[in-house]
Amino acid sequence: MGSTRNTPGSAEDRRARIQRMRAGEQARERRNRLLFIGVSTLVVVGLIGGGGYLYLQKADEKEQTEAAEKAQAEKPVKDEKSWKAEELGRDHVSTPVSYPMTPPVGGDHNQVWMNCDGDVYEKAIPDVNAVHSLEHGAVWVTHNGDADPADVDKLTERVRSTPYSLMSPVEKQEGALMLSAWGKQVTVDSADDPRVAQFFTKYVQGPQTPEPGAACTGGLSS
């Protein structure tokens with residue numbers, strides 16, 4: 001009894017070839033998927049690694065800057081004027097006050113403070129209200145008509161980005177650009193004068209503040 005053999009052109013042979021082709025195609029698809037996943041994983045890991053590196057680099061730069069500013073703040077501010085805290089009155093009054101310095105750095109003042117949450121005033125503000133802001137730990141930036149508009153613009157940006165600070169014109173002050181805190185004052189040459197950053201770091205809510213943490217909002221706004 002003879003056996004049945006598949007001829008090259010038989011249906012069984014064609015099915016076998018098709019199955020082998022399909023198996024080969026499926027194997028290629030699996031390899032391609034694995035290759036795609038592997039490459040994608042490497043890209044993602046690279047992005048994460050690169051992003052992590054950039055983040056750490058930025059954090060390190062920020063830490064170094066803050067450390068440098070803190071170290072600078074511990075030094076005396078060049079040509080700074082100081083008044084003894086115990087010699088500056090702190091009573092609340094409803095009458096005008098004659099201050100011995102312009103702008104004032106302390107003394108009796110109105111019971112309402114000027115808003116000092118990065119507030120910039122285009123017109124002069126009452127001394128008696130601004131002094132109350134200094135009592136709360138604010139730095140008051142002032143300028144007169146001799147100030148370079150470019151410096152005024154730069155200081156405006158700094159104040160607007162700094163809680164517990166305010167800025168306004170004081171035409172009768174001697175220096176074109178001045179910074180004041182409670183019992184402290186300095187005249188600077190420009191907005192880029194390193195004493196500006198030093199003064200802010202040292203005295204915004206600094207150790208000279210009679211009432212640290214007191215509000216700089218909810219007061220007088222104009």
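Computed from a predicted model, the values in this text were never measured in an experiment. When reading the values below, keep in mind they use all heavy atoms of this one structure, side chains included, and skip hydrogens, waters and symmetry mates.
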Exercise for review: Nearest 0.5 Å please: distance from the CZ atom of R160 over to the CG atom of L166.
Suggested key: 13.0 Å
Review point. In the single-linkage hydrophobic clustering (I, L, V, M, F, W, Y; side-chain heavy atoms under 4.5 Å), do W113 and V97 co-cluster?
Key: no
Check your understanding: If you take all heavy atoms of P76 and Q198, which pair is closest and at what distance?
Key -> O-NE2, 3.3 Å
Point to revise | Spatial distance of atom CD1 (I125) from atom OG (S221) [nearest 0.5 Å] | key: 11.0 Å
Review point. If you draw a 6.0 Å radius around CD in E86, do more than 12 non-hydrogen atoms from other residues or ligands fall strictly inside?
Key: yes
Review point. Linking Ile, Leu, Val, Met, Phe, Trp and Tyr through side-chain heavy atoms less than 4.5 Å apart, which residues share a cluster with F199?
Key: V77, V120, V139, V141, V152, L155, V159, Y164, M167, L177, L179, V186, V188, V196, F200, Y203, V204
Exercise for review: List the steps and the verdict of side-chain contact (heavy atoms from CB on, under 4.5 Å) for W182 and T209.
Suggested key: CA-CA 6 Å; W182 187 270; T209 304; over 6 Å; no
Check your understanding: Does any N or O in the side chain of S133 come within less than 3.5 Å of the main-chain N or O of M114, such that one atom is a donor and the other an acceptor?
Key -> yes
Practice item. First locate atom CZ of R195, then atom NZ of K75, and finally report the distance between them rounded to the nearest 0.5 Å. Key: 14.5 Å
Exercise for review: List the steps and the verdict of side chain to side chain donor-acceptor pair (under 3.5 Å) for T102 and K172.
Suggested key: CA-CA 7 Å; T102 303; K172 293 183 179 180; over 6 Å; no
Study note, to complete from the structure: To the nearest 0.5 Å, atom SG of C216 lies from atom CG of N115 at 7.5 Å
Revision key, fill the gap. In short, D189 meets D193 closest at the heavy-atom pair N-OD2, 3.2 Å
Review point. Got a second to check how far H109's NE2 is from D127's CG, nearest 0.5 Å?
Key: 13.0 Å
**Study point:** Residue pair W140, S165: steps toward the side-chain contact (heavy atoms from CB on, under 4.5 Å) verdict
**Key:** CA-CA 6 Å; W140 184 15; S165 72; over 6 Å; no
**Study point:** Between CG on residue L134 and CD on residue Q185, distance to nearest 0.5 Å
**Key:** 9.5 Å
Exercise for review: Please say which of K81, M178, Q173 ends up in a side chain to side chain contact (heavy atoms under 4.5 Å, CB included) with T187.
Suggested key: M178
Point to revise | Charged N-O contact under 4.0 Å between D108 and R90 | key: no
Check your understanding: Should we count CD of E211 as having more than 12 external heavy atoms under 6.0 Å?
Key -> yes
